[in-house]
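Structure first, then comments.
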Amino acid sequence: MDKFTTLTGIAAPLPLINVDTDMIIPKQFLKTIKRSGLGVNLFDEMRYNDNGSENETFVLNKDAYREAEILVAGDNFGCGSSREHAPWAIKDFGIRCVIAPSFADIFYNNCFKNGILPIALPQEQVDLLMTEAEKGANARITVDLQEQAITTSDGQVMSFDVDAFKKHCLLNGLDDIGLTMENVASIDRFESEAAQSRPWV
Amino acid sequence: MSPKTLYDKIWDAHLAHEAEDGTCLLYIDRHLVHEVTSPQAFEGLRMAGRTVRAPDKTIAVPDHNVPTTPGREDPANMTEDSAIQVAALDKNAKEFGIHYYPVSDIRQGIVHIVGPEQGWTLPGMTVVCGDSHTATHGAFGALAHGIGTSEVEHVLATQTLIQKKSKNMKVEITGSLRPGVTAKDITLSVIGATGTAGGTGYVIEYCGQAIRELSMEGRMTVCNMAIEGGARAGLIAPDEKTFDYVKGRPHAPKGAQWEAALNWWKTLYSDDDAEWDMVVTLKGEDIAPVVTWGTSPEDVLPITAKVPAPEDFEGGKVTAASRSLDYMGLKPGTPLNEIAIDTVFIGSCTNGRIEDLRAAAAILKGKKIKDGLRAMVVPGSGLVRAQAEEEGLADIFKEAGFEWRLAGCSMCLAMNPDQLQPGERCAATSNRNFEGRQGKGGRTHLMSPQMAAAAAITGHLTDVREVM
Ligand code: SF4
């Protein structure tokens, strides 16, 4: 997995609540058996017109945001289906960090498995970053995972929470399966005990 | 011993390892797999030279992509990309030696219908699937939730999941439901009350008289949509109805093992003095038949209400509501029961079980659907379909003018040929009304099977109590 340490980049504002994973990557793009190549279809229905041309009003089609690496969005981001294609598409586009007042559970987890840092902040702070993001390419935001700090272009700093284990994995680009395998003895033990106590399973 | 919730009990019984920082490895009893969220996981295993740790606890079935029309065993009748995903599942199931119900098997169907039907889902288990509606299995008192593809790979390789414990929420539905009100109305009303993020960070236990009075099918409908309320999982404590449903199913325990299992299952309830992080109570009598008007499952109102205006809301919901109304092509103030529809879809893992078909058929018996309407019934599994045929329900649907399809996810998500056209409006028994969910530009109103049947007759959203 790719590491995430610090990131300084353009933040794209998406002031919508309940952005669901169908919006992030519509189902017609789930028929791939690969993880890559989904970036062009990120937010497909908002991003493209019916004839396939770009919808100029959509934020990621504006010149200032084509290179965005951070997304600032409304409450309950990533709700809906469990599709990991959502973070795959976000990452493939080049976005490595999503900031919102809250995230849906499965999406939040899926981000960490793909080197994306989701940050939940109080509404007022998200509002402030949204205003920052609206300034366009000049207002770069810095996200420092080690320090758990976000710095705006004019030097305002805000801190954020992240689970220690998830942080450790993201900072070091660790693969979950490899880590779990270190505890394989515990799993073996559990499994043989369960075979005694709940043999019907 | 300190009092525990049902969730606490199942959690404790599956904790394989706990690290110092509180990160846990939860042992997984059943892993359900479908064709859309698994190919990358199997590929990952192959690339790392890993195997499936517990193939006997892993069950696969294709459902999302498959057409629901005859001749679908032939890949030529699927789009190329669907055929590739189904073929990948065929191959992976065979190569890794997991249980498999291919399209040609009468037991094939929607993964969340097949699991309980075959007795794979049992009380007190941990059940995961790369699909958010895994919450359905919580109806058995199993801790069941959706996972992403990386987690699918993790469970395949290790039979565990890295988890932090969620908080406990109790949703109590007191009293009894009124006639015409169903499990679907309960679950939608709860989401209406708590919002789609209201359950984030929680496992919900549904309890109270109205829940106890539901059949297993109804309980599955309630738990199915726990995810729409943002919860990690929904749970209902097992009782005699649960045990009766499970008994005799192909993979349920038998003989002495049945007795041993039953003894344990009977301990699976929340202790009286258990602590809850949040409690929500609704009165069963107050719940009305509801429909959704917008593009989020929380946009729910009694069928007797009117389309709301953006000004009726606060904060981010104002913009969201105006966007929803625009997408749905609705004007504030329109009575909900005057909204004309083009399509009716009865099916999905929310409402594709035999009881749902019985309820819809009871409304449709001897009636015809409105002229010009497209209406389809998609049974949740081949076995549900066979049973409905045996009971004469299929004939009722066909005589009313419904298409009688083969089992699959169908128009719940439009990854297969069953889709809405742009602007088409659908009365649907599924669980998501997101923009484009049933086809690009399609407009979805969620409701119970009874309400969908009533709408099929009149051609507009209808209060089922008027046609009962
Ligand atoms: S029926 Fe719909 S919600 Fe259920 S598993 Fe299939 S696509 Fe998902």
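A, B, ... follow the sequence lines: proteins, then strands. Residue 1 opens every chain.
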Counting heavy-atom pairs under 4.5 Å with chain A, the top scorer among B:A320, B:S132, B:P39 is B:S132
One option among A:I187, A:D75, A:N110 has the most heavy-atom pairs under 4.5 Å with chain B, and it is A:I187
Scored by heavy-atom pairs under 4.5 Å with chain B, the best of A:S81, A:A194, A:A104 is A:S81
Cut-off 4.5 Å, heavy atoms of chain B, and the answer for A:T32 is both
One option among A:N109, A:D50, A:I17, A:T21 has the most heavy-atom pairs under 4.5 Å with chain B, and it is A:I17
Applying a strict 4.5 Å limit to non-hydrogen atoms, the region of B:T196 in contact with chain A is both
Cut-off 4.5 Å, heavy atoms of chain B, and the answer for A:R198 is side chain
Quick check on B:N263: does its CG atom have over 12 non-hydrogen neighbours (other residues, nucleotides or ligands) under 6.0 Å away? yes
### Query
More than 12 non-hydrogen atoms from neighbouring residues, nucleotides or ligands closer than 6.0 Å to NZ on B:K164, yes or no?
yes
Whatever's closer than 4.5 Å to a heavy atom in chain A on B:N65 counts as side chain
In terms of heavy-atom pairs under 4.5 Å with chain A, the winner among B:R53, B:E35, B:K57, B:R50 is B:R53
Honestly, the part of B:T79 sitting under 4.5 Å from a heavy atom of chain A is side chain
Among A:P199, A:C79, A:G74, the residue with the most heavy-atom pairs under 4.5 Å to chain B is A:P199
Chain A shares the most heavy-atom pairs under 4.5 Å, among B:A197, B:G22, B:G195, with B:A197
Honestly, the part of B:R432 sitting under 4.5 Å from a heavy atom of chain A is side chain
*Would you call B:Q419 and B:M411 a side-chain contact if the rule is heavy atoms closer than 4.5 Å?*
no
Under 4.5 Å to a heavy atom of chain A? For B:E298 that would be side chain
ask   = Under 3.5 Å, side chain of A:N41 to main-chain N/O of A:D44, donor-acceptor pair present?
value = no
Comparing B:E435, B:K317, B:H133, B:K440 against chain A, the one with the most heavy-atom pairs below 4.5 Å turns out to be B:K440
When the 4.5 angstrom heavy-atom criterion is applied to B:T160 and chain A, the contacting part is side chain
Review point. How are the rings of A:F77 and A:F103 set relative to one another: parallel (under 30°), tilted (30 to 60°) or perpendicular (over 60°)?
Key: perpendicular
When the 4.5 angstrom heavy-atom criterion is applied to A:K27 and chain B, the contacting part is both
For the CD atom on A:Q148, are there more than 12 heavy atoms of other groups (residues, nucleotides or ligands in this structure) within a distance under 6.0 Å? yes
In this structure, SG of B:C24 is separated from CD of B:Q163 (nearest 0.5 Å) by 8.5 Å
Applying a strict 4.5 Å limit to non-hydrogen atoms, the region of A:D127 in contact with chain B is neither
Practice problem: Before giving the answer on side chain to side chain donor-acceptor pair (under 3.5 Å), spell out for B:D131 and B:H64 the whole-Å C-alpha distance, their side-chain angles and the decisive distance to 0.1 Å. | Solution: CA-CA 10 Å; B:D131 189 281; B:H64 283 61; 3.0 Å; yes
- Message: Is there a side-chain contact between B:V203 and B:K167 in this structure, where contact means two heavy atoms from C-beta onward sitting under 4.5 Å apart?
- Response: no
Applying a strict 4.5 Å limit to non-hydrogen atoms, the region of A:L30 in contact with chain B is both
If one checks every heavy atom of B:T200 against chain A at 4.5 Å, the contacting part turns out to be side chain
message: Pair A:E84, B:T37 - check side chain to side chain donor-acceptor pair (under 3.5 Å), show working.
response: CA-CA 8 Å; A:E84 199 158 320; B:T37 54; over 6 Å; no
Please check: side-chain N/O of A:N49 versus main-chain N/O of A:N51, any donor-acceptor pairing under 3.5 Å? no
Ranking B:G230, B:S296, B:A88, B:A260 by heavy-atom pairs under 4.5 Å to chain A gives rank one to B:A260
Original post:
Do side-chain atoms of A:R47 reach the backbone of A:L60 as a donor and acceptor pair under 3.5 angstrom?
Top reply: no
| Any donor-acceptor pair under 3.5 Å from A:K62 side chain to A:E56 backbone | no
Comparing B:K254, B:H251, B:R30, B:E43 against chain A, the one with the most heavy-atom pairs below 4.5 Å turns out to be B:R30
**Message:** Quick one, A:T151 with A:Q156, criterion side chain to side chain donor-acceptor pair (under 3.5 Å). Give me CA distance, side-chain angles, the key distance, then yes/no.
**Reply:** CA-CA 5 Å; A:T151 312; A:Q156 290 194 68; over 6 Å; no
The interface call for B:A13 against chain A, heavy-atom contacts under 4.5 Å, is backbone
From the list A:V184, A:N114, A:L179, A:D163, the residue making the most non-hydrogen contacts under 4.5 Å with chain B is A:D163
So, the part of B:H14 with a heavy atom under 4.5 Å from chain A: the answer is both
| field | Parallel, tilted or perpendicular: ring planes of A:F43 versus A:F58, cut at 30 and 60 degrees | value | tilted
Turns out that what part of B:T23 lies under 4.5 Å from chain A's heavy atoms comes down to side chain
Of A:P87, A:S102, A:S82, the largest count of non-hydrogen pairs under 4.5 angstrom with chain B goes to A:S82
Bottom line for B:E228: the part with an atom under 4.5 Å from chain A's heavy atoms is neither
Please say whether more than 12 non-hydrogen atoms of neighbouring residues, nucleotides or ligands are located less than 6.0 Å from CG in B:D12. yes
